[in-house]
Amino acid sequence: MQRGLLSAPCREISAGAGPVSCGSHSSSFNLQVQQEGKHRGETMRALLLREFNTPLVLTEVADVAAGPGQVLVAVKASGVNPLDTKIRTGKAAHAKSQLPAVLGLDLAGVVQEVGAGVSNFAPGDEVYGLTGGVGDLQGSLAEHAAVDARLLAHKPASLTMREAAALPLVTITAWEGLVDRADVRAGQKVLVHGGAGGIGHVAVQIARARGAEVFATGSPKSIDTIANLGATPIDYTTTAVKKYVADHTGGEGFDIVFDSVGGKTLDASFLAARVHTGHVVSALGWGTHSIAPLSFRGATYSGIFTLLPMLTGRGREHHGSILTEIARLADSEMLKPVLDPRHFAFDTITEAHQLVESGANEGKVVIDIT
């Protein structure tokens, strides 16, 4: 944590269903935040998680300021990812969350002030980034966030705040797999598993933007979405791996297989990689898998752990660089997020998380903050 720390008093606010009691908790909690800056109030509103698998509580906490190397952002929108819901329910130990915590991985907003040593942002700039909600980093479900400037990029001018807030985690994950690990390029055939999902739908667009021919698996209800993204849809519920590999690659396999589903889908990925030169990349390679099918094809595998720079402090500038490239693609009309049409705010955060957990959302879910 930065210098000038304090503990904020417990002051909970009505969150839709009436006022929420501090209950059996102490009259203060140990969420440490920086002292307020010169032109703001002493407190800000934030959604606080005190214990795993409990509701987020709308609370007033001490306001934050930009320390050295940081940017203070007035948060306008916060994207909701499946990982956000897993962190809240205590099913994401790899996120190393320290309670009490303000969650929220993705944000879009406006720069209020910059700390010492920051020269690439200025007050008034519109920015977006994957900036917190893991480890000891404050998340985006608050009115302000003081974040490491290296994790930010200027928001795509062509996108709204809501659209920009839907992009950071999913686009960084897709870019790290397709570009950093697999060097996707023109002339390649790319298979994206879960092509209509949060990560998958931007992976399709990134691969196409770099000149690849893209195919994507999905359920019957997602076939139209995949086709509208410019990929050749494959209904995984009716088409076996061997058949779609034969139909689309002559049995040779795909140059790149991008897995954003995990489990049995990762096993299927090993059977779909191109003989000798194929490369499988996965954002969910966390189970126990036999790599024999991949080895017998002479293909290779890479894993992706997008949170690593946030947890270790190393390589954060690369996240900012990726988002700068994503903004360029968005402003060139080569990438656009698909948003769920429903709007949510602080007082409907529970409904937003329930929607994402149910899988019934029709695109990325976004919380309107200010």
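All residue numbers in this chain count up from 1 along the given sequence.
Ile349 and Leu339 sit in two unconnected hydrophobic clusters of ILVMFWY residues. Membership requires side-chain heavy atoms under 4.5 Å apart, directly or through other members. In the hydrophobic cluster analysis, where Ile, Leu, Val, Met, Phe, Trp and Tyr join through side-chain heavy atoms closer than 4.5 angstrom, Val102 is grouped together with Leu47. No path of Ile, Leu, Val, Met, Phe, Trp and Tyr side chains, each step under 4.5 Å between heavy atoms, connects Val257 with Val214, placing them in separate hydrophobic clusters. Clustering ILVMFWY residues whenever any of their side-chain heavy atoms sit less than 4.5 angstrom apart, transitively, puts Val261 in a cluster other than the one holding Ile206. Put simply, Ile326 and Val202 are part of the same group of oily side chains (I, L, V, M, F, W, Y) that touch within less than 4.5 Å, one to the next.
Annotation for Ala182 and Val281: closest pair CB-CG1, 4.5 Å, computed over non-hydrogen atoms. A pairwise comparison of heavy atoms in Ala231 and Pro233 identifies O-CD, 3.3 Å as the closest pair. When every heavy atom of Pro309 is checked against every heavy atom of Arg316, the shortest pair comes out as O-NE, 3.0 Å. Scanning all heavy atoms of the two residues, the minimum distance from Ala164 to Pro168 falls at O-CD, 3.2 Å. Between Val190 and Ala212, the shortest heavy-atom contact is CG2-CB, 3.7 Å. Taking both residues in full, the closest heavy atoms of Thr173 and Ile304 are given as O-CD1, 3.8 Å, listed atom of the first, atom of the second, then distance.
Side chains of Thr59 and Arg45 form no contact here, defined as non-hydrogen atoms less than 4.5 Å apart. Using a 4.5 Å cut-off on side-chain heavy atoms (C-beta onward), Val134 and Ile87 make contact. When side chains are defined from C-beta on, Arg297 does not count as touching Leu294, because their heavy atoms never get closer than 4.5 Å. Side-chain contact check for Asn120 versus Val114: every heavy-atom pair is 4.5 Å or farther apart. Annotation: side chain of Val110 is not in contact with side chain of Asp125 (no heavy-atom distance under 4.5 Å). Under the 4.5 Å side-chain criterion, counting only non-hydrogen atoms from C-beta, Met334 is not in contact with Gln205. Side-chain contact check for Val192 versus Ile199: every heavy-atom pair is 4.5 Å or farther apart. In this structure, Ile234 and Leu191 have side chains that are in contact, with non-hydrogen atoms separated by less than 4.5 Å.
Considering Met44, Glu143, Met161 as possible partners of Thr370, the one that fulfils the side chain to side chain contact (heavy atoms under 4.5 Å, CB included) test is Glu143.
Asn81 and Lys86 share no side-chain donor-acceptor pair at under 3.5 Å. A donor-acceptor contact closer than 3.5 angstrom is absent between the side chains of Asp183 and His279. In the model, Ser158 has a side-chain atom that pairs as donor or acceptor with a side-chain atom of Asp331 under 3.5 Å. The closest side-chain donor-acceptor pair between His144 and Asp63 falls under 3.5 angstrom.
A donor-acceptor pair under 3.5 Å is formed between the side chain of Glu163 and the backbone N or O of Thr160. The backbone N or O of Arg185 lies less than 3.5 Å from a partner atom in the side chain of Gln188, making a donor-acceptor pair. Between the side chain of Thr324 and the backbone N or O of Ala153, no donor-acceptor pair lies under 3.5 Å. Put simply, the side chain of His201 gets close to the backbone of Gly198: a donor and an acceptor are under 3.5 Å apart. In this structure, Glu317 contributes its side chain and Leu151 its backbone to no donor-acceptor pair below 3.5 Å. At least one donor-acceptor pair under 3.5 Å links the side chain of Thr89 to the backbone N or O of Thr85. Looking at Asp340, its side chain never comes within 3.5 Å of a backbone N or O of Val366 through a donor-acceptor pair.
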task: Tell me, with the steps shown, if Val170 and Asp106 meet side chain to side chain contact (heavy atoms under 4.5 Å, CB included).
output: CA-CA 10 Å; Val170 295; Asp106 295 329; 5.9 Å; no
message: Under the criterion side chain to side chain contact (heavy atoms under 4.5 Å, CB included), I'd like the reasoning laid out for Lys364 against Val338: C-alpha separation, chi angles, the key distance, then a yes or no.
response: CA-CA 6 Å; Lys364 286 297 296 291; Val338 176; over 6 Å; no
message: Applying side chain to side chain contact (heavy atoms under 4.5 Å, CB included) to Lys96 and Leu137, what does each step give before you reach the verdict?
response: CA-CA 10 Å; Lys96 299 182 179 180; Leu137 301 178; over 6 Å; no
- prompt: Stepwise, does the side chain to side chain contact (heavy atoms under 4.5 Å, CB included) test hold for Asp368 with Lys76?
  reply: CA-CA 6 Å; Asp368 300 314; Lys76 299 299 181 183; over 6 Å; no
Distance-only criterion, 3.5 Å: show the donor-acceptor pairs between side-chain atoms of residues 263-276 and protein atoms not counting sequence neighbours.
from: Asp267; atom 1: OD1; to: His289; atom 2: ND1; distance (Å): 2.7
from: Ser269; atom 1: OG; to: His193; atom 2: NE2; distance (Å): 3.3
from: Ser269; atom 1: OG; to: Thr265; atom 2: O; distance (Å): 2.9

Determine all donor-acceptor pairs shorter than 3.5 Å in which one atom belongs to a side chain in residues 238-246; sequence neighbours excluded.
from: Thr238; atom 1: OG1; to: Asp235; atom 2: OD2; distance (Å): 3.4
from: Thr239; atom 1: OG1; to: Asp235; atom 2: O; distance (Å): 3.2
from: Lys243; atom 1: NZ; to: Asp247; atom 2: OD2; distance (Å): 3.0

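Within 6.0 Å of CZ in Phe296 there are 12 or fewer heavy atoms belonging to other residues, nucleotides or ligands. The 12-atom threshold is exceeded at CG of Leu99, counting heavy atoms of other residues, nucleotides or ligands nearer than 6.0 Å.
With values rounded to the nearest 0.5 angstrom, Glu60 atom CD is found 4.0 Å from Thr43 atom OG1. In this structure, NZ in Lys336 is found 12.5 Å from CG in Leu229, a value given to the nearest 0.5 Å. Interatomic distance, Glu213 CD to His248 NE2, rounded to the nearest 0.5 Å: 9.5 Å. The distance from atom CG of Leu152 to atom CZ of Arg150, rounded to the nearest 0.5 Å, is 11.0 Å. Atom NZ of Lys221 sits about 8.0 Å away from atom CD of Glu362, to the nearest 0.5 Å. Here the CG-OG1 distance, from Leu335 to Thr171, works out to 7.5 Å after rounding to the nearest 0.5 Å.
Scored by the side chain to side chain contact (heavy atoms under 4.5 Å, CB included) test, Ile369 finds Val75, Ser78, Leu141, Phe346, Ile367 as partners (sequence neighbours excluded).
Annotation: cation-pi pair Arg210/Trp175 present, NZ/CZ under 6.0 Å from the ring centroid and within 45° of its normal.
Not less than 6.0 angstrom separates the ring centroid of Tyr128 from the ring centroid of His154.
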